[in-house]
Amino acid sequence: MSTLTTALLASAPSLAGWGVHVWWLRARLHTARRDPLTGLRTRDGFTRSATVLLKDTRAVVVLADVDKFKQINDTHGHAAGDVLLKATADRLTHYVGRFGVVGRLGGDEFAAVLLDEHGAVSDLLAALHAVLARPIEGEDPAVHTTVSLGWVRAADFPTDDLSGLMRRADEAMYAAKHGHTGSRRAGLGRLFATVAGRRSGRTGARTDTSVVSVAA
């Protein structure tokens, strides 16, 4: 038996062990990028996928926030709150589709990037709006709330990165959550689009933000 063959045979267990270790590390990394409750990507995993999608001119950034979530937890318990978060995550994932990405940023706040293939993102989000309004099958009908949505087209702000676009969508979502003149609540939320700005009261906030509401 040659010296090379002997060396390879001797190192085989070590190579196999290293392969298992690499697999374990990859599995841990994948788990770390997934929210254990909803199965969605966490902020880091979402950022990686969303940044790639933003290279497509059809990309739209959406933020969603469950209204009065603390009140639900306090009144009905954390288990009910978890069910609500899971249902919201599942419905967002379904409507964003396999060419988009959804992430849970933390607590009751979600983010998504989807591709507006037909130039009708308002219609798409209005449909999502209706889906979010559906009762959760098998759960207490008293466990319900609204979901505020804010969105922005990436193509409208070609110099903005993901962070900048999320700030704009965040401004729209904030307006949805706290109300806006001429708007009304519909189902599980109000739908808004923003063209500029940051949340009122934050550093660098603008006062000329245009917000459009879509209500059923």
Side-chain angles (χ1 to χ4, degrees), residues 27-50 61-98 100-114 124-151 166-167 169-180 183-192 194 198-202 211 213-216:
R28 287 294 299 272
L29 182 60
H30 176 77
T31 301
R33 291 177 180 169
R34 291 283 177 174
D35 173 51
L37 174 63
T38 64
L40 297 180
R41 289 171 172 82
T42 56
R43 184 181 291 270
D44 180 59
F46 170 76
T47 298
R48 290 172 180 269
S49 297
V61 177
V62 181
L63 289 186
D65 189 272
V66 180
D67 300 323
K68 299 180 180 178
F69 184 67
K70 183 179 183 301
Q71 181 178 323
I72 293 171
N73 278 336
D74 291 344
T75 303
H76 301 283
H78 290 280
D82 287 350
V83 169
L84 188 61
L85 291 176
K86 184 67 167 61
T88 301
D90 290 345
R91 292 166 180 180
L92 283 170
T93 299
H94 176 76
Y95 260 78
V96 166
R98 63 191 182 94
V101 60
V102 183
R104 183 183 178 194
L105 301 184
D108 56 339
E109 189 171 15
F110 301 86
V113 174
L114 56 89
L124 176 64
L125 292 179
L128 170 61
H129 185 228
V131 168
L132 291 173
R134 295 175 185 170
I136 302 173
E137 186 175 353
E139 296 300 320
D140 184 349
V143 181
H144 66 278
T145 185
T146 57
V147 175
S148 299
L149 300 173
W151 61 273
M166 287 181 67
R167 282 196 298 270
D170 179 72
E171 171 69 16
M173 186 182 70
Y174 184 84
K177 183 172 289 292
H178 293 276
H180 184 72
S183 69
R184 63 186 177 87
R185 188 171 301 282
L188 258 184
R190 288 159 293 178
L191 182 64
F192 287 79
T194 184
R198 299 180 63 182
R199 287 190 185 180
S200 301
R202 292 189 179 181
V211 183
S213 66
V214 179

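By convention here, the first residue in the shown sequence is residue 1.
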Can you name the closest pair of heavy atoms from M173 and S148 and give their distance?
-> CG-O, 3.6 Å
Please report the C-alpha distance between T93 and T38 in whole Å, then the side-chain angles of each, then the deciding distance to 0.1 Å, and finally whether the side-chain contact (heavy atoms from CB on, under 4.5 Å) criterion is met.
-> CA-CA 10 Å; T93 299; T38 64; over 6 Å; no
May I have the step-by-step check of side-chain contact (heavy atoms from CB on, under 4.5 Å) for L84 and H76, ending in yes or no?
-> CA-CA 11 Å; L84 188 61; H76 301 283; over 6 Å; no
Given the rule in the salt bridge (charged side-chain N to carboxylate O under 4.0 Å, His left out) test, do D82 and K86 qualify, once you have shown the distances and angles that lead to the verdict?
-> CA-CA 6 Å; D82 287 350; K86 184 67 167 61; over 6 Å; no
Can you name the closest pair of heavy atoms from V96 and V102 and give their distance?
-> CG2-CG2, 3.6 Å
F110: which of D65, D35, L85 passes side-chain contact (heavy atoms from CB on, under 4.5 Å) = L85
side-chain contact (heavy atoms from CB on, under 4.5 Å) between L114 and L125, worked out = CA-CA 10 Å; L114 56 89; L125 292 179; 4.2 Å; yes
Where M166 and F46 come nearest, the two heavy atoms and their spacing | SD-CE2, 4.2 Å
Value for CG (L40) from CZ (R34), rounded to nearest 0.5 Å, stands at 7.5 Å
Nearest 0.5 Å please: distance from the CG atom of D108 over to the OG1 atom of T88.
-> 9.0 Å
Exactly one of D67, T75, N73, D74 clears side-chain contact (heavy atoms from CB on, under 4.5 Å) with Q71, and that residue is T75
Could you give me the CA-CA distance, side-chain angles and deciding distance for E109 and D170, then say whether side-chain contact (heavy atoms from CB on, under 4.5 Å) is met?
-> CA-CA 10 Å; E109 189 171 15; D170 179 72; 4.0 Å; yes
Which atoms form the tightest heavy-atom contact between A172 and G150, and what is the distance?
-> CB-CA, 3.7 Å
